[in-house]
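Below is one structure, written out as structure tokens; comments come after it.
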Amino acid sequence: MSGYVFSLFVVISFCNFSNAKVSHFYRMEPAMNDKVSNTNLVGEYHSESLGVCSAMCGGRFGCFGFNARQKKCRIHKHYPASMTGQEDGWVYYISIISESAGCGSEWLEHNGHYYFYGTTPLTWNEAQIACEAVSSQLVQIEDKEESDWLAATFLFKSTCSDGFYSDCTAWSSGNISIEGNYRWQQSNLAMNFTYWNSDQPSGSYLDKDEDCVEILRNGKWNDRECGDRNWLICEKTKC
Ligand SMILES: [Ca+2]
Ligand SMILES: [Ca+2]
């Protein structure tokens, strides 16, 4: 029963999803269109629009189909391996990150933790939701070794521009907005170790709302406005 209560909560809390956000979390999967399957099916629901349908899915399930003619929404926990029935009007969307659920090849292991690196530009809140959708959290950095490894592995690229803060950066779970001091948001632990880039954090003395923490390509950190779109790194301790 608790599962149903949780699902209802998810639907309510994601009602502010807009159609525009669909493209940040999902990509269309034309191979599934005009078909149905009961494999991994969470349910079929009435839905007035694509936005409402994606809100029901909420970034927490692997994929969903929307049928505009029938105003129906089919939510699948994971991508179904085969589509068994033919039914016109269905258009399907697959979560960009949920495809990497579990610890598949896109999760890199380092010191017993697993890391996923995503280059779909998301706000800090969206990035947090995206990591939670695959049973992980935005990365929490315990020491210099971890920060240096993350930067060297995911962020330092020959294609980075000269603008040090303009690309090759990624959200961590660091945030100052709720408690008034820097914490790792999802674990709610205080930051015992910090590794700020020179002149950072700058939000307080510039009087700007730079409440979220990103990692730069040199492994050091910058406080940045949470509504900015950025790459993300998710971390989990078990698969
Ligand atoms: Ca960590
Ligand atoms: Ca800053």
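When a ligand or atom number is given, it counts from 1 through the structure's own listing order.
Using a 4.5 Å heavy-atom threshold, the side chains of W221 and T169 count as separate. By the 4.5 Å heavy-atom criterion applied to side chains, D143 and W149 are not counted as neighbours.
Taking 3.0 Å as the threshold, S202 counts as a candidate ligand of the Ca ion (ligand 2), since one of its N, O or S atoms lies below it. Residue D199 does not count as close to the Ca ion (ligand 2), with no N, O or S atom under 3.0 Å.
When distances from the Ca ion (ligand 1) to the N, O or S atoms of E235 are compared, OE2 comes out shortest. Looking only at N/O/S atoms, E146 comes nearest to the Ca ion (ligand 1) through OE2. For E210, the N, O or S atom with the smallest separation from the Ca ion (ligand 2) is OE1. The atom of E142 that is an N, O or S and sits closest to the Ca ion (ligand 1) is OE1.
A side-chain donor-acceptor contact under 3.5 Å links E145 and H110. In the model, Y115 has a side-chain atom that pairs as donor or acceptor with a side-chain atom of E146 under 3.5 Å. Neither side chain, Q186 nor S173, offers a donor N or O lying under 3.5 Å from an acceptor on the other. For the residue pair Q137 / S187, no side-chain donor-acceptor distance below 3.5 Å is found, with atom types taken as modelled.
Rounded to 10 degrees, the OE1-metal-OD1 angle spanning Q200 and N222 at the Ca ion (ligand 2) equals 70°.
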